[in-house]
Amino acid sequence: MSQMNLLQAVNMALDTAMQQDERVLCFGEDVGAFGGVFRATSHLQEKYGKDRCFNTPLTEQGILGLANGLAAQGQVPVAEIQFADYIFPAFDQLVNETAKFRYRSGDQFDVGQLTVRAPYGGGIHGGLYHSQSPEAYFTHTPGLKVVVPRNPHQAKGLLLASIREPDPVLFFEPKKLYRASTGEVPEEDYEIPLGQAEVLREGTDITLVAWGAQMQVIEKAAEMAAEEGISCEVIDLRTLLPWDRDTLAASVKKTGRLLINHEAPKTSGFGAELAASLQEVCFLYLEAPIVRVTGWDTPFPLALQNEYLPNEHRTLDAIRASLDY
Amino acid sequence: MSQMNLLQAVNMALDTAMQQDERVLCFGEDVGAFGGVFRATSHLQEKYGKDRCFNTPLTEQGILGLANGLAAQGQVPVAEIQFADYIFPAFDQLVNETAKFRYRSGDQFDVGQLTVRAPYGGGIHGGLYHSQSPEAYFTHTPGLKVVVPRNPHQAKGLLLASIREPDPVLFFEPKKLYRASTGEVPEEDYEIPLGQAEVLREGTDITLVAWGAQMQVIEKAAEMAAEEGISCEVIDLRTLLPWDRDTLAASVKKTGRLLINHEAPKTSGFGAELAASLQEVCFLYLEAPIVRVTGWDTPFPLALQNEYLPNEHRTLDAIRASLDY
Amino acid sequence: MSDLRSFDVELIQHPEFVDPQTSVLPTFALLQQDGNLYPGAKAPDISRELALKIHDTFLFIRALDERLLASQRQGRVSFYMTETGEEAADICSTAALAADDLIMAQYREQGALAFRGFPLEQFMHQIFSNEKDLGKGRQMPIHYGSRDLHYMTISSPLGTQLPQATGYALGYKRSGQKNCVICYFGEGAASEGDFHAALNMAGVFRVPVIFFCRNNGYAISTPVHEQLAGDGVAGRGPGYGLKTLRVDGNDALAVYEATRLARKMAVEEHQPVLIEAMTYRLGAHSSSDDPSGYRSRKEEERWRQKDPVARFRQWLIHQGWWSEEEDETRREEHRQAVITAMKKAEKVPKPPLEELFTDVYKEMPWHLQEQLEEARDLVERHPEAYPATAGRKQA
Amino acid sequence: MSDLRSFDVELIQHPEFVDPQTSVLPTFALLQQDGNLYPGAKAPDISRELALKIHDTFLFIRALDERLLASQRQGRVSFYMTETGEEAADICSTAALAADDLIMAQYREQGALAFRGFPLEQFMHQIFSNEKDLGKGRQMPIHYGSRDLHYMTISSPLGTQLPQATGYALGYKRSGQKNCVICYFGEGAASEGDFHAALNMAGVFRVPVIFFCRNNGYAISTPVHEQLAGDGVAGRGPGYGLKTLRVDGNDALAVYEATRLARKMAVEEHQPVLIEAMTYRLGAHSSSDDPSGYRSRKEEERWRQKDPVARFRQWLIHQGWWSEEEDETRREEHRQAVITAMKKAEKVPKPPLEELFTDVYKEMPWHLQEQLEEARDLVERHPEAYPATAGRKQA
Ligand SMILES: Cc1ncc(C[n+]2csc(CCOP(=O)(O)OP(=O)(O)O)c2C)c(N)n1
Ligand SMILES: Cc1ncc(C[n+]2csc(CCOP(=O)(O)OP(=O)(O)O)c2C)c(N)n1
Ligand SMILES: [Mg+2]
Ligand SMILES: [Mg+2]
């Protein structure tokens, strides 16, 4: 065990994966000698050589095209998109190619070994184009898996599991927490299985669910609520596609209330899917409407980013409103 | 008034718009002299010349980049994407550029005059890549408007409104109905306002909502249900972003039940947003969970496309189940 | 890292803008239409056996294309695309490769697959998307793929295979495998952004890939002069650091020789290569297309005079390796074989319901299992609405 | 339509693959570092007034960049990007245009905007994203835009402005306006698919656009030789049918002259042009970057010797139009003005809450109105959590 931040945990996971399997390759814009603009790939080129950790030309569609080809050939590509905001030029390669590779070939060819890492989310004065949370787009795409870690320990275990997963995984890293989130991380190789939510705090009055950086918000809100005598169950979804309906449904059936928090805009955010699915299976248990506390339906702003982010105050207000319903 | 199919209605709308405003330009792959692979732009080059209706090179990201530039300069571009399945290479231009152009410039520059037309949907033996319904992706993108017509009359009125709308509009045309849907269409210039759903059939037991080609499915299901004594209210959403919550909520409050039908995969489809929002505002009125009858969470298949499409039988089964809840 | 740009550059004091019109790459050609070599041309070192195999593939593909297009017209097949007029391009380039080099095709390269030995039955199973199709009946006709024959399953979105080819070739390089990737694409697809990404990365990473462009004059209705304004597609190759050659795409010998040399550079030096084969799509774009809307019979006729199959046959006859009579017999054999195979494949049932849900992921997650159950119930409740799957025993 | 390809092409019987290494475009240069013209060079026809305006913009931008970078280090500014070393490229190209030609910049072309007369205060309002910012405080520092000055608001995603430039220029052509678009971009951005789409379409549609590449050696840490393998970015121009010129980007006179000629071709003949300006980013990529991680001081020093501002000053002094003393005074004036403007802009409040919701659409739809109300309530309930907007009177 050693104390480290989320970025170091990502770096450690990549290091572990590269050491253990020589087919693992890390690449993307500036990830080579420089170690990436956030330094997630620091020292990997030094350790594993230029042909296993390298810079690509500045083309996201090319990076994903390259990654698809490498994966199909039998390598284990871990491609970095410098900011999740810049994943959109690669949308076609991801949605039409990566996601459908195995299906369309009748399982003759696949790119299941592919992992795409991308720092996402706001709160770092990034404005429209260094703040977006595009996870919901990919949850509408059968064939992909979508994972978001909340802290260093989770990041290492989930990233190792993602790299070894036989399906393509989009791994969104909460860049606001890259340095802000620290914790103990085991030195050894370990995996946290995909597809499983985690109950972080048990409670009886309302279920709060989020992922990534918003976990801190709902945890804080849960604490504030506790001071008012409200007992919140706090769940980290961790994998968004395919998500862990059983754990969530069990919790909602127990508490009778659900609050979903995400940074992305409300309309068609992943909260919509959670709400739609859970009202289906928990209908008779719900004592209030499922509530979504999310980013507004605007581009991500700069001067007013504070006003944009769905923080603990908004969350607590919504918890109270749900209990008062 | 004259009898025509949906394709002819689209063609007529384009003709009307080009005649009325000489800044209106139609372009895309094969839309020039050939008139488009579906012939939606037939005769427009003949009538308005090569500089108003023209072929582009084969690059969707280029088509949307070009369209954004033209719109910013003051033209009124109506760009065609040959199949909605091929809109993904243009995803970045649409989501990062078109949608955010006005916002990021503080309203100094905008591309509000832009309309993108794309034939979407399955049921024509198109397999994975000539069948997709990607509308939900765009509903998660503030700054865009999303419109889907169900028949020739609607197509003409909604397309004319979309072209003249001061915000960018994605206009998805149900290609299955291009020739299959016919009806009376006024010769004159008319618009059907965006943002308004239409109640096609009043009913008391359950609300059915859909858009585009699936309207025929829910209308058929409503008729079959009527034979069993079930009274369905049938609504065409028409505009998905921003959508008409008032009309839907009023209906659901009346019937107490809601069924959403769409062709796209279930997870994070636009049905999720409708369900999540409507359970919020209609919670106390709902007598059964909101139900989604949708495409499965798989790529669009070929041999089993019939098994994939959410048809009237599945819809009727779900209506019955909702009433029996 | 660090800026390796040279300071020692040629400086000029008059602003001479490079004029794109001035440089036109020549076309490599060996065989004239009458089957004789051009003066000064040297035939590649090609065995009788290989030459006859190429020609037999030509004849097979003509028979296949003819029959399937006719069947589409009769409504027996939902969709088809012929490669008539372009056979030399894909077949002779593939003939110059190792049998385990990877082929990434666009969709008009069934000849390459046939050359590799794809069984006629498999062609038919794919066309009829029946349960024996290697692709499990999921894609439209002509989206072939064969892992065994190193032929990547076709994907409809244009251009996407190009950067994948660069990646696959990089995988070869990394694993030290002495293979290359050949990546086929049309001059239309070359306008996609993926083309740029692919060729640029191939140049930077120096990978064993041959980008093989079939410039057949059209992308559906769009002629090449509305597609690009430079010197074709070949004109772009040097700008990416690729070795580049334009070749007469209707010249079986020139295509073979060009590809043979390209493969050598790709595999031995990791030098990526661009080949532009100048050819013509004699048929319609697809069974949904009617070219009379955008080009003249006269133009078609002019290109028909340059038929690659006839040209190569003349050469074979000059070589004394083949005769008109053998040709007639063999064409008839292929025709009959195709008809027989079609009849059989038509009767094979569609894939079972399960196959709608498998292969989305390696293992079926809970939500797809749930949906499969729902679909099973549905088919059981409404057998009349699901004739393809109702009543079939489950896997 | 129809296939206009010529049958009358040059045929060769030996497969001569074009070798990308052989053709390197020369560099157009007029001014030597000591301020003297190269032998045989002719200075463009440039008035004293214009020359001094260019130089004054150089000095202003140096002062602005220096001060703002320093302020970023002090934590007063959240982010900054300098254009130090590249001033001749954007400023002198813009100087050769009409004042109402549209500029589409990448992000390192504040000089072009300054040349057009963007007030210092406006620079500051944007940097501090306050309520007087023309962009309403929504984008990161340096994302300027000015409708009045025909300078399209900067967008962070790289390359997206290139096909937009083609479209905007096509709009000019259609409306018969005698203008062109200049589109700036880095050699890194030139790897994006949008670059390919843009240049190809510009060639096909023949639109009045100048694609102006600042090849400054790096894209963040990635040196140009890891970015591309051909002859720079200029090497790609002819392949798209664009007139192409490589120019010494640190040579104010050569950049001016090249752009002047390019504009003439663009506006008068609708001939799109590609200019590659060879320059060097002397500073860090941005205030978040530290170049010592990827390049040597020695390399930087070598390029510092080629400083475009010093070079042009020498020329002005040789012309007798300027002196070292005037230079020193003027630099100090700019420095003071920047400091004063910064102090003022810092104190201007942030935009009001409403501006979070306006301009998503032209009119605010119901769901945004609802969300605005919700946000208002929120700020009212938790004023301490929203210091920027709480307690401000509503619009
Ligand atoms: C991304 C994408 N856009 C559009 C299409 C529709 N489409 C299919 S084939 C074709 C023309 C391709 O022309 P070319 O690349 O020259 O190949 P050819 O058909 O001539 O062999 C088009 C536009 C597609 N399949 N994918
Ligand atoms: C689509 C996209 N990908 C990545 C980035 C992140 N990024 C910002 S600047 C930059 C390097 C750009 O280099 P270049 O085009 O050479 O311009 P320069 O900074 O040298 O002026 C990168 C990778 C981005 N802004 N947009
Ligand atoms: Mg073609
Ligand atoms: Mg650069």
Side-chain angles (χ1 to χ4, degrees), chain B residues 22-23 25 27 32-34 51-52 54-75 77 89-90 92-93 95-97 99-112 142-145 165-168 194-195 241-246 277, chain D residues 1 102 104 133-139 143 145-148 151-157 159-175 177 181 183 192-194 196-205 207 209 351 355 358-363 365-368 370:
Chain B
E22 71 110 37
R23 301 167 311 158
L25 312 177
F27 53 88
F34 191 55
D51 68 328
R52 293 193 57 203
F54 53 89
N55 288 343
T56 60
L58 211 170
T59 163
E60 292 76 14
Q61 65 191 112
I63 292 170
L64 260 297
L66 190 84
N68 280 329
L70 281 163
Q73 194 272 339
Q75 309 295 319
D92 188 52
Q93 281 287 345
V95 164
N96 266 342
E97 295 292 315
K100 300 174 171 67
F101 222 95
R102 189 192 297 277
Y103 193 80
R104 72 179 178 213
S105 75
D107 202 22
Q108 294 191 87
F109 298 95
D110 74 88
V111 295
L144 299 179
K145 296 195 169 178
E165 179 76 11
D167 294 310
L194 304 192
L241 186 69
W243 60 287
D244 184 352
R245 195 185 54 189
D246 285 351
S277 285
Chain D
M1 298 215 285
L102 186 83
M104 283 192 166
D133 169 26
L134 295 176
K136 303 189 186 170
R138 290 173 182 149
Q139 290 211 82
H143 289 66
S146 167
R147 173 141 211 108
D148 290 347
Y151 191 99
M152 178 70 79
T153 301
I154 308 285
S155 165
S156 320
T160 52
Q161 80 278 20
L162 283 99
Q164 292 170 13
T166 302
Y168 207 103
L170 183 57
Y172 276 154
K173 183 175 170 184
R174 249 195 61 68
S175 51
Q177 218 169 308
V181 177
C183 180
E192 291 283 1
D194 274 0
H196 180 59
L199 274 72
N200 187 42
M201 291 189 305
V204 170
F205 296 136
V207 296
V209 62
E355 300 292 18
T358 57
D359 302 336
V360 181
Y361 298 96
K362 191 162 166 66
E363 309 291 338
W366 66 266
H367 66 294
L368 286 174
E370 219 174 85

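Computed from a predicted model, the values in this text were never measured in an experiment. Naming convention: chains lettered A, B, ... in sequence-line order (proteins, then strands); numbering from 1 in each chain.
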Enquirer: Can you confirm whether B:Ser105 sits close enough to D:Met152 that some side-chain heavy atom of one is under 4.5 Å from a side-chain heavy atom of the other?
Expert: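 When only atoms from C-beta onward are counted, D:Met152 and B:Ser105 do not touch, as no gap falls below 4.5 Å.
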Enquirer: Can you tell which part of B:Glu60 gets under 4.5 Å to a heavy atom of chain D, answering side chain, backbone, both or neither?
Expert: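 Interface part for B:Glu60: neither.
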Enquirer: Using heavy-atom distances under 4.5 Å, tell me whether D:Glu355 contacts chain B through its side chain, its backbone, both, or neither.
Expert: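 It is the backbone, since no side chain atom gets that close.
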Enquirer: Might you point out which heavy atoms bring D:Lys362 and B:Pro166 nearest each other, and give the distance in Å?
Expert: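 Closest heavy-atom pair between D:Lys362 and B:Pro166: CD-CB, 3.3 Å.
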Enquirer: Between D:Ser156, D:Gly137, D:Ser146, which shows the greatest number of heavy-atom pairs under 4.5 Å with chain B?
Expert: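 Of the options given, most contacts go to D:Ser146.
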Enquirer: Rounded to the nearest 0.5 Å, how far does CZ of B:Arg102 lie from CG of D:Asp359?
Expert: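 D:Asp359 CG to B:Arg102 CZ: 7.0 Å, rounded to 0.5 Å.
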Enquirer: Would you find a donor on one side and an acceptor on the other, under 3.5 Å apart, between the side chain of B:Gln108 and the backbone of D:Gly145?
Expert: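 Yes, because the side chain of B:Gln108 sits within donor-acceptor range (under 3.5 Å) of the backbone of D:Gly145.
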Enquirer: At what distance, to the nearest 0.5 angstrom, does CG of B:Leu70 lie from OG1 of D:Thr166?
Expert: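 B:Leu70 CG to D:Thr166 OG1: 9.5 Å, rounded to 0.5 Å.
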Enquirer: Go through it in stages, so that I can follow the logic: the residues are B:Asp107 and D:Thr358, the test is side chain to side chain contact (heavy atoms under 4.5 Å, CB included), and I'd like the CA-CA distance, side-chain angles, deciding distance and then a yes or no.
Expert: CA-CA 9 Å; B:Asp107 202 22; D:Thr358 57; over 6 Å; no
Enquirer: Do the side chains of D:Arg174 and B:Gln73 get nearer than 4.5 Å, heavy atoms only?
Expert: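 When only atoms from C-beta onward are counted, D:Arg174 and B:Gln73 do not touch, as no gap falls below 4.5 Å.
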Enquirer: Give, as side chain, backbone, both or neither, the part of B:Leu64 having an atom under 4.5 angstrom from any heavy atom of chain D.
Expert: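 For B:Leu64, neither part sits under 4.5 Å from chain D.
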Enquirer: Can you say whether D:Leu368 sits under 4.5 Å from chain B via the side chain, the backbone, both, or neither, judging by heavy atoms?
Expert: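 Neither part, no heavy atoms under 4.5 Å.
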Enquirer: Any donor-acceptor pair under 3.5 Å linking the side-chain atoms of B:Gln93 with those of D:Gln164?
Expert: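 Result is yes, a qualifying pair exists.
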Enquirer: If I compare all heavy atoms of D:Val204 with all of B:Pro57, which pair ends up nearest, and what's the gap?
Expert: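 Smallest heavy-atom distance, with atoms named: CG2-CG, 4.1 Å.
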Enquirer: Going from NZ on B:Lys100 to CZ on D:Arg138, what distance comes out if it is rounded to the nearest 0.5 angstrom?
Expert: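 CZ of D:Arg138 is found 13.0 Å from NZ of B:Lys100.
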Enquirer: Going through the distances and angles, do D:Leu170 and B:Phe27 end up as a side chain to side chain contact (heavy atoms under 4.5 Å, CB included)?
Expert: CA-CA 12 Å; D:Leu170 183 57; B:Phe27 53 88; over 6 Å; no
Enquirer: Mind running side chain to side chain contact (heavy atoms under 4.5 Å, CB included) on B:Arg245 and D:Glu370 for me, showing each step along the way?
Expert: CA-CA 12 Å; B:Arg245 195 185 54 189; D:Glu370 219 174 85; 2.4 Å; yes
Enquirer: For the candidates B:Ala71, B:Ala67, B:Gly62, which exhibits the highest count of non-hydrogen atom pairs separated by less than 4.5 Å from chain D?
Expert: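 Highest number of pairs under 4.5 Å: B:Gly62.
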Enquirer: So which part of B:Asp92 gets closer than 4.5 Å to some heavy atom of chain D, the side chain, the backbone, both or neither?
Expert: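 B:Asp92 touches chain D through side-chain heavy atoms alone.
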Enquirer: Which bit of B:Leu194 is near chain D, if near means a heavy-atom gap under 4.5 Å: side chain, backbone, both or neither?
Expert: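 For B:Leu194, neither part sits under 4.5 Å from chain D.
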Enquirer: So does B:Gly143 get a backbone contact from the side chain of D:Tyr361, meaning a donor-acceptor N/O pair under 3.5 Å?
Expert: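 Yes: the side chain of D:Tyr361 pairs with the backbone of B:Gly143.
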Enquirer: If you tally heavy-atom pairs under 4.5 Å against chain B, which of D:Leu134, D:Leu162, D:Leu102 wins?
Expert: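 Between D:Leu134, D:Leu162, D:Leu102, the count favours D:Leu134.
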Enquirer: Please report the shortest heavy-atom distance between D:Asp194 and B:Gln61, naming the atom on each side.
Expert: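 Of all heavy-atom pairs spanning D:Asp194 and B:Gln61, the closest is OD1-NE2, 2.7 Å.
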Enquirer: Dump the intermediate steps for side chain to side chain contact (heavy atoms under 4.5 Å, CB included) on D:Phe205 and B:Leu66, then the final yes or no.
Expert: CA-CA 11 Å; D:Phe205 296 136; B:Leu66 190 84; 3.9 Å; yes
Enquirer: Considering only heavy atoms and a distance below 4.5 Å, find which of D:Pro351, D:Ala197, D:Ser155, D:Ala198 pairs most often with chain B.
Expert: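 Most heavy-atom pairs within the cutoff with chain B belong to D:Ser155.
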Enquirer: Measuring from B:Gln75:CD to D:Tyr172:OH, what's the distance to the nearest 0.5 Å?
Expert: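 Answer for the CD-OH pair, B:Gln75 versus D:Tyr172, is 11.5 Å.
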